[in-house]
Amino acid sequence: MNQLDIWFLAVALATDCFTVSIACGIIVKRMEWGITLRMALLFGVFQALMPLIGWLGISNFSHYLEEVDHWIAFGLLAFLGGRMIRDAFLPVEDHSMNPRRFKTQFLLGVATSIDALAIGISFACMGFKQVSSLDYPLFVIGIVAFVSAIIGMWLGVRFGKPLERRLKPELLGGIILIIIGVKVLISHLCG
């Protein structure tokens, strides 16, 4: 795998982070750099960590991970998406899905990165034999996810107001999360 392939892989992995960040930006309505950087950091860390976990677990757990990783990702994303959809119809003070909360950001980071476990398994199959050989790919994956989350949040904040007038942001975010979950499930079941 050459460096260009690694960058393309990182961009592909970061699309879920980017999309979820846009939805979060629509919900928070203004750029809060502390919140944005924390979410971007969590997304970047999880996107880089999951391939490492997949690579480390290939010898002992690969058959377990391959069988359930898509169900875990789907379940987390559907749960969070369902909560967001429910929140869209609750008074503002009753919302449980709040992108400002660490717990929410943590769960979103995990949910959007579970697919990356399979990338770690692929790395092991492609000849990455030592942890040190993963330094560059994991760094690139983490940085691209980090930057994608910041850009996504900014786009959601900047261009979300027209959408917010037509559609409740929590409803849009919930639908997006469920679509991502279904996409993960279908890609694994049909692929």
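All heavy atoms count here, side chains included; hydrogens, waters and symmetry mates do not. Predicted model only: the values in this text are computed from it and were never measured.
Every side chain to side chain donor-acceptor pair (under 3.5 Å) that R100 has, sequence neighbours left out, goes to E32. W71 meets the side chain to side chain donor-acceptor pair (under 3.5 Å) test with no other residue; sequence neighbours excluded. F46 is linked by a ring-ring contact (aromatic ring centres under 6.0 Å, His included) to F106, counting only residues two or more places apart in sequence or in another chain.
Residue V28 comes nearest to M153 through the heavy atom pair CG2-SD, 4.1 Å, listed as atom of the first residue, atom of the second, then distance. T112 and C17 get closest at one heavy-atom pair: OG1-SG, 3.9 Å. Here the closest non-hydrogen pair linking M39 and S21 is CE-OG, 3.8 Å.
To the nearest 0.5 Å, the span separating CD on Q47 from CD1 on I114 amounts to 10.5 Å. With values rounded to the nearest 0.5 angstrom, I175 atom CD1 is found 6.5 Å from I179 atom CD1. Once rounded to the nearest 0.5 Å, the distance linking CZ of R158 with CD1 of I22 reads 14.0 Å. Considering CE of M31 and OG1 of T36, their distance stands at 4.0 Å, rounded to 0.5 Å. Distance CG/L42 to CG/L49: 11.5 Å, rounded to 0.5 Å. Expressed to the nearest 0.5 Å, how far CG of D5 lies from CG of L9 amounts to 8.5 Å.
Among pairs with a residue in residues 6-21, those fulfilling salt bridge (charged side-chain N to carboxylate O under 4.0 Å, His left out) read D16-K183, at least two apart in sequence or across chains.
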List, one per line, each side-chain donor-acceptor pair under 3.5 Å for residues 135-150, sequence neighbours excluded.
{"from": "Y136", "atom 1": "OH", "to": "W7", "atom 2": "NE1", "distance (Å)": "2.8"}
{"from": "S148", "atom 1": "OG", "to": "V144", "atom 2": "O", "distance (Å)": "2.8"}

Q: Determine, stepwise, if the pair T104 / C24 fulfils side-chain contact (heavy atoms from CB on, under 4.5 Å).
A: CA-CA 10 Å; T104 301; C24 290; over 6 Å; no
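Note on V11 and L4: separate hydrophobic clusters, where clusters join Ile, Leu, Val, Met, Phe, Trp and Tyr whose side-chain heavy atoms are under 4.5 Å apart, directly or indirectly. Following chains of ILVMFWY side-chain contacts shorter than 4.5 Å, one can reach F89 starting from I178, so the two form part of one hydrophobic cluster. Put simply, F8 and I119 are part of two different groups of oily side chains (I, L, V, M, F, W, Y) that touch within less than 4.5 Å, one to the next.
For W55 (side chain) and F128 (main-chain N/O), a donor-acceptor pair under 3.5 Å exists by modelled atom type.
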